[in-house]
Structure formats: structure tokens, C-alpha cells
Amino acid sequence: MSTTIDYGKIKQFAARYPKPNGVSFSYGTAGFRTKAELLDSVIFRVGILGALRSKKLDSKTIGVMITASHNPEEDNGVKLVDPYGEMLEQKWEIYATQLANAHNADVLVNVIKDIVTVNDIDPTKESTVVYARDTRPSGVRLVEALEHGLKAVNANLVNFGIKTTPQLHYVTRCYNTLGTEASYGEPTEEGYYKKLAIAYRKIVEGLPRLPKIKVDAANGVGAPKLRELAKFIDEDILDVEVINDDIDTRGKLNFQCGADFVKTQQRVPLGLVLPAEQRAASLDGDADRIVYYYNDSDGTFKLLDGDKIASLAAGFIMELIKASGLEEINVGVVQTAYANGSSTNYLTKVLGVPVSCVSTGVKHLHHEAEKYDVGVYFEANGHGTVLFSPSSQARIRKAEGKTPENISALEKLRALIDLINQTVGDALSDLLLVEAILTYRRWTPKQWDQAYTDLPNRLVKVVVSNRHIFKTTDAERKLLEPKGLQEKIDLLVQQYKDGRSFVRPSGTEDVVRVYAEAATRHGCDELAFKVAGLVYDEAGGIGGRPTEFL
Ligand code: NG1
Ligand code: ZN
């Protein structure tokens with residue numbers, strides 16, 4: 001089969017995937033994400049872009065994931081994954097947007113020709129794309145659109161089937177490192193489970209097992225995949241029950257369950273009975289986010305979100321590094337403006353770890369975390385992981401340790417490097433990370449929770465006629481435009497003890513998000529809705545004014 005680009009063939013295929021009229025697509029923080037019925041042409045074109053990216057990167061394998069994460073079932077989306085499992089390089093996001101918006105086949109071909117010329121791509125190079133989808137019904141049709149895009153440019157297709165998003169990132173890195181010194185693992189689903197299971201055992205072996213954990217899988221792909229993972233881990237070290245595992249009934253995916261629901265509603269998901277002080281966790285629809293929680297003895301719901309996981313992980317890793325004798329390895333934590341103020345305070349003042357704040361979006365967190373020897377990054381919503389730099393990995397692998405304490409800590413650090421998915425936040429890997437630390441510390445969820453008390457916080461959505469007029473600075477903590485709005489927000493914030501509030505346009509929904517926190521629940525709710533009302537009044541609010549509280 002020829003590997004070169006045949007523009008006539010692209011035009012023929014493209015005729016079957018006309019761009020819907022009147023819609024404009026944008027490759028944002030989560031790739032393309034919208035109603036599934038609008039996505040056929042977009043995904044067809046993403047296939048073409050994936051192949052071009054592979055050609056550009058000397059025939060490395062590129063990943064494509066079809067998912068809309070925690071969004072409702074009728075939505076879908078698509079993301080490209082670079083060779084080492086990272087998010088697509090930012091410059092190429094613009095090409096994705098240009099391709100998606102080309103209004104006919106001729107324009108599409110011209111955009112492709114431009115990408116080839118500008119990037120000096122050799123059209124005759126081979127290209128390979130590995131792809132997967134979550135359990136959404138529309139995924140079947142959209143995978144076909146992707147395959148047509150790949151065939152239109154004579155790419156090699158590797159269908160990885162139904163997978164979690166982090167499994168697709170994992171396999172992409174495995175393919176591109178196979179047989180090298182940086183080999184990331186076996187490029188199979190089984191290879192993924194084995195790697196995690198072996199590492200988990202190394203940390204918890206010989207320690208008393210924790211009581212059973214119930215995991216809400218959002219009725220998504222995490223359900224069958226967590227069950228599969230559990231098969232590789234003996235019951236004497238992990239007792240897990242998967243609930244919300246119905247991936248066959250229409251309308252159930254993410255419906256009143258899953259990590260996003262639990263985080264935003266601050267209550268247990270549908271279908272979960274949770275006795276006091278027992279821990280449970282929720283995954284999101286593509287299993288790249290996880291949050292923990294429990295009910296206190298008086299019935300109060302307590303969330304252990306991404307900030308709590310970051311604090312738990314950073315504390316544990318810092319302790320191991322100290323015990324290993326490799327104190328020169330530095331640890332840092334990366335958060336976004338959505339991190340609870342109490343968590344930042346705990347990390348900096350109690351753990352004494354440097355904390356950086358970056359803009360929302362995994363790529364920003366990931367890149368910042370790479371600046372540390374060990375970079376822990378988590379979004380409050382439960383998406384996150386830990387990156388060990390190549391040099392810190394080499395030092396940990398090489399060190400022999402002088403004392404039994406050194407040796408034991410080094411063994412645990414080596415296991416952590418394998419346990420933690422270093423390509424992207426991974427709910428299954430993060431679940432095992434938290435379970436391993438809690439087992440090691442013999443902690444109940446309440447003991448874990450005692451590190452610090454979250455400031456009451458509230459997230460409100462405001463629908464406006466054009467969210468693109470909102471421009472932010474200072475890692476999205478301040479508004480530059482609309483002019484004058486930030487000063488008015490500041491005046492409101494000053495009226496509340498420990499008050500903090502910021503406004504930013506969402507990258508995944510057509511809304512503006514307002515976040516607020518303050519010393520009291522009443523103060524925080526009042527602040528959130530006053531700021532939301534201000535945004536609505538001064539920046540083109542449409543539909544109902546946010547007045548739930550006032
Ligand atoms: P947007 O819609 O840009 O706020 C949301 C999350 C992000 C990130 C992306 C990608 C919040 C407040 N925002 O982004 O943290 O996870 O989705 O899925 O949780
Ligand atoms: Zn997700």
C-alpha cells in the first residue's frame with residue numbers, strides 16, 4: 001500500500017463527511033467536545049491530522065481517544081495524544097481547529113497542504129495511529145469516521161477497542177518506547193494491569209488489608225476495566241466492590257454519579273449506600289479522574305478531592321525520599337486556582353513543599369510538574385498524577401542505600417514509579433496509589449481527612465452571550481477583560497473573611513465559571529452568587545440570572 005498522500009482520495013472520502021453548517025469547532029483543553037451528532041466530520045479530520053503528526057514525528061505512533069469524559073451521554077469528543085502519552089503539542093491544536101472548520105473538501109485539502117508545507121512533512125513517510133473509545137453508544141459510529149480519515153491518508157490503523165483514556169495514553173507511550181531503554185511497558189491492556197498489580201503488591205505486601213472500598217464507576221468504561229484490574233490483584237491485598245457498572249442501559253452514563261457529580265454536588269452518587277466512616281471513591285466516565293469521600297459519624301458528607309489526594313501523595317513521597325537518603329531529589333506540587341486555599345496552605349506551611357499555580361487544563365499542570373525532580377499535580381476535580389523526571393528515576397534505580405531504612409524506602413519508590421501512570425491522570429492507578437498509602441499508614445478516611453479542613457467553596461456557571469470576551473491573567477486568577485469587572489469582584493471579596501473568588505471562561509462548556517471560597521458556608525455561597533450576578537449583569541448574561549442563593 002502506498003504511504004503517500006493522495007489528495008483525490010481525501011476528497012472522495014471527505015464527501016461523506018460534510019461539515020455541519022453554522023457550527024464552529026475549537027480544539028480546547030479537552031480536545032473537541034460537543035453533541036455527538038455534530039462530530040462525524042470533526043473526527044474524520046482528526047484521523048487525517050493524527051496521520052500527519054505521525055509522518056512529522058518520523059512515523060512515531062500517535063494516539064486518538066474518543067470520549068467526552070464526564071459529559072452527558074449524548075455528547076462525545078476526541079483528543080490526540082503525542083508519542084510519549086502527552087497531550088498534543090499546542091501549535092498543532094490550531095491545525096486541528098483549522099481542519100475541523102474547513103467548510104468543504106477543497107478548503108480541507110488546502111489546509112492539509114499548508115500543514116504539510118509549513119511543517120516540512122515528508123508525505124511518503126509511514127504513519128500509524130492507535131485509537132480507542134469509551135462506552136458511549138455514539139463511539140461506534142465515530143470510530144468508523146476516524147478510520148475513514150486514516151484510510152484517506154493511507155495510515156496504519158491500530159484499533160485498541162474500548163478503553164479508559166489513560167489506557168490509551170499508556171499504550172501510545174509503550175508503542176513508541178518498545179525495545180528502548182525508556183521502555184514503558186507491554187503495549188497491551190493486560191500489560192497495563194500487570195504493571196500496576198505487581199507494583200501495588202510491592203508496596204502493601206505483608207501489611208493488613210484495608211476494609212472493602214466501594215467504587216462508583218459512573219456507569220462507564222471504568223467499571224469493566226476496574227473489574228479486570230482487580231483480577232490481577234489478589235484479594236488478600238485489595239477488596240474492591242464496583243458499583244454503578246451499568247454500561248448497557250441508555251442514559252445512565254454519568255447520570256447522578258461519577259467523580260464530577262460527587263465533586264460538584266458534594267454528595268454520594270445514586271446507588272451507593274455508605275455507612276459512617278467507610279471510604280468510597282468515584283471515577284468519571286473515561287476513568288481519568290477520581291475523588292474519595294466518606295460520611296462522618298454525624299452523617300456529614302466529607303469529600304477527599306484531588307487536593308487531598310495531592311497532599312496525601314506529596315507527604316508520602318517526601319517521607320520516602322528522606323528515608324531513602326536521596327534528599328537532593330526535590331518534590332513540588334502543581335495546582336490550579338480551583339485548589340482549596342486550605343490545601344495550598346497545608347502544602348506550603350505544614351509539608352513545606354513548593355506549590356505552583358497554573359491555568360486550568362491538564363497540559364499546563366503536566367508541563368509545570370516536569371520542572372521538578374518529582375512533580376505531583378492534581379486538579380481539585382480529581383485529575384492528576386505524579387511525574388518522576390528521567391534523572392530522578394535513574395538516581396532511584398541506581399541507589400543502593402546504606403541502611404535497611406534506605407533500602408526499604410528505595411524499593412517503595414521504585415514501585416511507585418511503576419504504579420503511577422506517568423503519561424496522564426489515571427483513576428485506576430490513582431486508586432491504587434491512595435489505597436497503597438492508606439494501607440501503609442493504616443489510616444481511615446477520617447485520619448487522612450485530618451490533615452486540613454477545606455474552606456467552604458462553591459462553583460457557579462453563568463451563561464453569557466459570548467464567553468470569549470473574558471480574558472484572564474495570573475493563572476486565571478484575575479480578569480483583564482471585560483474592563484473594570486475585576487475591580488468590582490475585588491470589592492465584593494473584601495467583604496468576606498478568607499474570601500477568594502475568580503471568574504474564567506470554561507474551555508469545555510459554553511459558560512463562564514465563577515469560583516468562590518470563604519471562611520463560612522453562608523459567606524461563600526453569598527459571595528459566589530453575588531459575583532455570578534455581577535458577571536451576568538455586566539457581561540451579557542442570558543437565560544436566568546443566577547439567583548439560587550440570594
Ligand atoms: P473547564 O470547562 O475549562 O472549566 C473542565 C475542568 C478542568 C479540566 C477540563 C478538562 C473544572 C472547574 N474545570 O474545564 O479542570 O478537567 O474540564 O476535562 O473542574
Ligand atoms: Zn475524564
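Ligands are counted one by one from 1 in listed order, and the atoms in each one are counted from 1 as well. Start at 1 with the first residue, then count along the sequence.
Taking 4.0 Å as the cut-off between side-chain N and carboxylate O, Arg136 and Asp75 do not count as a salt-bridged pair. Salt-bridge check for Glu435 with Arg279: passed, with a basic side-chain N closer than 4.0 Å to an acidic carboxylate O. Using a 4.0 Å cut-off between charged nitrogen and carboxylate oxygen, Arg289 and Glu379 do not count as a salt-bridge pair.
With hydrogens and angles disregarded, no donor-acceptor distance shorter than 3.5 Å links the side chain of Lys371 to the backbone of Gly375. Gln422 places a side-chain N or O within 3.5 Å of a backbone atom of Phe388 that can act as its donor or acceptor partner.
Taking the N/O/S atoms of Asp288 in turn, the shortest distance to the Zn ion (ligand 2) belongs to OD1. For Asp284, the N, O or S atom closest to the Zn ion (ligand 2) goes by the atom name OD2. Within Asp286, the N/O/S atom positioned nearest the Zn ion (ligand 2) carries the name OD1.
Using a 4.0 Å cut-off to heavy atoms of Thr360, the atoms of ligand 1 that qualify are 7 (C), 15 (O). Listed by atom number, the atoms of ligand 1 under 4.0 Å from Ser506 heavy atoms are 1 (P), 2 (O), 3 (O). Interface atoms of ligand 1 facing Arg504, defined by a heavy-atom separation under 4.0 Å, are 1 (P), 3 (O), 4 (O).
Geometric assessment of Lys308 against the ring of Tyr452 yields a positive cation-pi assignment under the 6.0 Å and 45° thresholds.
Residue contacts with ligand 1 for Tyr515 are absent, since no atom lies close enough (heavy atoms, distance under 4.0 Å).
Taking distance alone, with nitrogen or oxygen atoms compared against 3.5 Å, Leu459 stays at or beyond that limit from ligand 1.
The heavy atom nearest to atom 4 (O) of ligand 1, out of those in Arg513, Glu509, Arg289, is found in Arg513. Counting heavy atoms only, Glu379 comes closest to atom 16 (O) of ligand 1 of the residues His383, Lys79, Glu379.
Distance from atom 19 (O) of ligand 1 to its nearest protein heavy atom, with residue and atom name: Asn381 ND2, 3.0 Å. Regarding atom 5 (C) of ligand 1, its nearest protein heavy-atom neighbour is Thr508 OG1, 4.0 Å.
Metal site remark for the Zn ion (ligand 2): Ser69 contributes an N, O or S atom at a distance under 2.8 Å.
When all heavy atoms of Thr164 and Met65 are compared, the closest pair comes out as C-CE, 4.0 Å.
Using cut-offs of 30° and 60° for the angle between ring planes, the Tyr293 and Phe301 rings count as tilted.
Partner Tyr338 forms a side-chain hydrogen bond (donor to acceptor under 3.5 Å, both in side chains) with one of Glu476, Arg504, Lys263 and no other, that one being Arg504.
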